[in-house]
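Structure, as structure tokens:
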2 protein chains.
Amino acid sequence: MNLKELAQHLNLSPTTVSRALNGYPEVKETTRRRVEEAAREFNYMPNAWAKGLATGRSMSIGHVMPTSKMHEMVNPVFGDFITGASETYVKEGYDLKLTPVDDGDEAQRYRALRTRGNVDGFIVHGPHLTDGRIALLREIGLPFVVHGRASNMPADYPWIDMNNRRAFERATALLIELGHRRIALVNGLEHMDFAHRRREGFLAALASHGLVPDPALMRGGEMTERLGYRAAADMLDGTSPPTAFLVSSMVTAIGVRRALHERGLELGRDVSVIIHDDDLGYLRNGDDVPIFTATRASVREAGRRAAEMLLRMIRDPACAPLQSLMEAELILGRSTGPAPR
Amino acid sequence: MNLKELAQHLNLSPTTVSRALNGYPEVKETTRRRVEEAAREFNYMPNAWAKGLATGRSMSIGHVMPTSKMHEMVNPVFGDFITGASETYVKEGYDLKLTPVDDGDEAQRYRALRTRGNVDGFIVHGPHLTDGRIALLREIGLPFVVHGRASNMPADYPWIDMNNRRAFERATALLIELGHRRIALVNGLEHMDFAHRRREGFLAALASHGLVPDPALMRGGEMTERLGYRAAADMLDGTSPPTAFLVSSMVTAIGVRRALHERGLELGRDVSVIIHDDDLGYLRNGDDVPIFTATRASVREAGRRAAEMLLRMIRDPACAPLQSLMEAELILGRSTGPAPR
DNA sequence: CGTGGAATTGAAAGCGCTTTGGACCGCCTG
DNA sequence: CAGGCGGTCCAAAGCGCTTTCAATTCCACG
């Protein structure tokens with residue numbers, strides 16, 4: 001059943017039916033109802049391609065995930081973000097188009113999505129400190145929102161981010177107040193912007209308490225269980241082991257915990273750990289009582305909001321670049337305690 | 001730059017240019033080259049909407065994720081599967097369209113995707129033992145591939161699955177051979193087909209060794225860390241605790257490990273654990289030496305293959321339903337050992 | 001009653017591509 | 001030389017929708 005057939009059934013012109021269905025004001029209320037009813041009855045739905053062709057809008061959003069950075073991107077964070085974004089899209093009638101892209105032809109690919117006209121906007125995932133995609137997308141001229149920021153770029157693009165710096169600064173300060181002096185940082189890959197900011201927060205807190213950072217207690221890498229295990233193992237077996245860890249992800253912290261257990265150390269008594277918790281659906285930080293003390297911010301919520309921002313910018317192209325900073329909450333679990341003497 | 005403009009530049013008709021670009025035989029070789037060159041030069045790409053409208057093919061595949069089963073679906077397995085599928089799609093010029101769907105209007109939504117004509121096929125995620133989507137999709141008439149199977153349905157639809165039954169049967173047999181008699185199963189949600197099959201495999205192995213399953217040692221649920229912890233804690237504190245665990249996921253096993261450690265039990269010595277390992281990118285089961293003894297099958301590879309099957313069926317609609325069963329490999333890690341006496 | 005403006009509806013021209021049904025040309029065959 | 005036949009190319013008709021512009025109807029009002 002297409003528009004023309006539906007119109008014939010109703011003894012109306014396609015014009016009127018189209019208008020009725022799209023909420024234009026110049027159609028009589030009774031006609032509109034008649035049309036809507038018939039549309040429901042025959043289960044009519046406009047053909048997306050024809051509509052896209054006629055309107056120039058595609059009603060879909062491109063999420064481009066770089067595959068060479070796969071380890072970083074195809075991770076639960078990505079999944080949860082996408083889910084959040086989808087919740088918004090589905091409400092507004094948008095679709096989500098996922099495009100993996102090999103690192104080389106990134107520009108090529110964005111342009112293709114543009115000129116083939118099949119997305120109305122982009123979400124950019126996993127920005128680096130310096131990230132060429134921002135200039136590229138601006139040049140391409142389609143609305144976009146970056147999940148995260150790129151510290152080394154002029155900050156006049158649209159983004160949504162969690163306040164990584166503040167979160168890690170607060171967490172570090174908490175550990176210091178608990179008496180810890182040798183605090184380790186197990187971070188993500190530090191060319192990624194979020195990890196860089198976390199480190200800044202960490203360093204700022206140390207500095208403001210007059211502590212000198214020890215390079216031996218800072219480690220960055222892909223946030224795997226293994227990284228946590230290795231980093232913790234090395235540090236704990238070192239000459240002057242840390243009494244506390246700041247860990248960038250739940251998964252990594254599990255590795256840290258493994259190293260602790262292996263050495264007969266008890267979490268929260270012998271060694272304190274604070275993690276950043278993205279509040280992922282399937283990897284919860286305890287239920288009633290959090291296992292880990294954590295800075296927490298829902299990445300799913302970020303996805304929802306990013307999508308809202310993007311849609312708003314699509315609807316109103318004149319709109320200034322929207323930006324949004326989310327604060328993490330600091331929640332107390334059982335993994336922190338006063339520094340052992 | 002659109003087709004017409006390109007044609008004018010070349011002093012050709014749009015017809016010829018279109019044919020040249022789409023590899024039709026009735027265009028002179030020199031003309032074709034001229035056209036291709038110009039297309040490259042002006043960076044011409046056909047408008048996807050127009051093309052879709054004209055051809056009736058959309059060059060995109062729908063992945064529908066049910067949001068009420070979110071906990072099960074939006075998990076790393078889903079992410080890795082998608083990644084694998086994308087690798088295939090991108091090679092063949094397809095796009096991946098992600099649609100979350102509220103449980104109620106599932107049928108509605110599939111139909112909408114169909115009649116609005118914006119996908120050429122579906123991948124079905126997370127089949128239940130009895131799953132209405134299969135009949136629905138068949139009725140809708142678009143090609144589809146199910147990731148997993150639905151045991152209670154006639155098996156004449158296209159699917160790709162891992163041999164869950166065999167994997168768990170082998171794993172159980174291994175534990176029995178190591179002398180274990182009280183073996184616990186910490187499974188996924190057992191209305192999900194994969195979990196059901198795993199349990200069958202587990203039971204079959206017990207039976208064929210003359211062992212009687214103990215309901216107190218079987219638990220199913222969402223495969224979270226917490227499930228593993230709770231299940232293990234309860235069972236270990238019970239009247240006759242198990243000496244070995246069979247665990248359906250890496251994440252869950254981490255919870256089991258936590259319970260063990262808390263009780264001063266050592267993995268592989270006091271208690272053996274075998275997991276199923278989906279070989280996820282960021283949650284590896286060790287590197288050189290696997291931490292857990294595991295049945296392993298790459299879910300990403302499954303995604304790749306599922307996509308290939310689907311594309312083949314799209315190209316050849318007369319093609320019989322493709323089906324593919326992948327075997328898991330059993331890898332020995334450090335989490336298993338002879339039963340303590 | 002006539003009239004102008006608002007309300008309502010339609011005809012038709014795209015949107016950018018594919019594809020059908022020729023047209024034209026050169027060349028081979030009988 | 002007529003007829004036929006590949007080899008190339010093009011004009012034009014869609015695909016199903018939106019949107020501009022114009023037509024028609026309906027009323028209120030003078």
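Lettering follows sequence order; numbering is per chain, from 1. Owing to the predicted nature of the structure, the values given are computational and were not obtained by experimental measurement.
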### Query
How about B:Arg111 and B:Leu136: do any of their side-chain heavy atoms sit closer than 4.5 Å?
yes

#### Entry: Flag side-chain contact, heavy atom, 4.5 Å: B:Lys51 against B:Asn47
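No. Closest side-chain heavy atoms not under 4.5 Å.
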
### Task
Let me know the distance between NZ of A:Lys51 and C1' of D:dT18, rounded to the nearest Å.
9 Å

### Message
Can you tell me how the ring of A:Tyr89 sits relative to the ring of A:Tyr94, calling it parallel under 30°, perpendicular over 60° and tilted otherwise?
### Response
tilted

Side-chain ion pair, [X] and [Y], N-O less than 4.0 Å:
X	Y	answer
A:Glu29	A:Arg32	yes
B:Arg305	B:Glu301	yes
A:Arg312	A:Glu92	no

### Residue whose closest nucleotide on DNA chain C lies nearer the 5' end, A:Thr15 versus A:Glu29
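That would be A:Glu29.
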
#### Entry: Option from A:Arg304, A:Arg300, A:His147 for which side chain to side chain contact (heavy atoms under 4.5 Å, CB included) with A:Phe81 holds
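With A:Phe81 as partner, side chain to side chain contact (heavy atoms under 4.5 Å, CB included) holds for just one option, A:His147.
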
#### Entry: More than 12 heavy atoms from other groups under 6.0 Å of CD on A:Glu5
yes

### Query
Start at the 5' end of DNA chain D and walk down; is the nucleotide closest to B:Leu53 or to A:Ala54 reached first?
B:Leu53

### Task
Describe the nucleic acid contact of A:Thr55 in one word from base, sugar-phosphate, nothing, applying a heavy-atom distance below 4.0 Å.
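If one applies the 4.0 Å heavy-atom cut-off, A:Thr55 turns out to touch the sugar-phosphate alone, with no base involved.
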
### Query
Just the endpoints, please: which first and last nucleotides of DNA chain C, 5' to 3', lie under 4.0 Å from a heavy atom of chain B?
C:dG16 to C:dG21

### Query
Looking at residues 20-27 of chain B, who's got a heavy atom less than 4.0 Å off DNA chain C?
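Within this stretch, B:Asn22, B:Tyr24 sit under 4.0 Å of the strand.
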
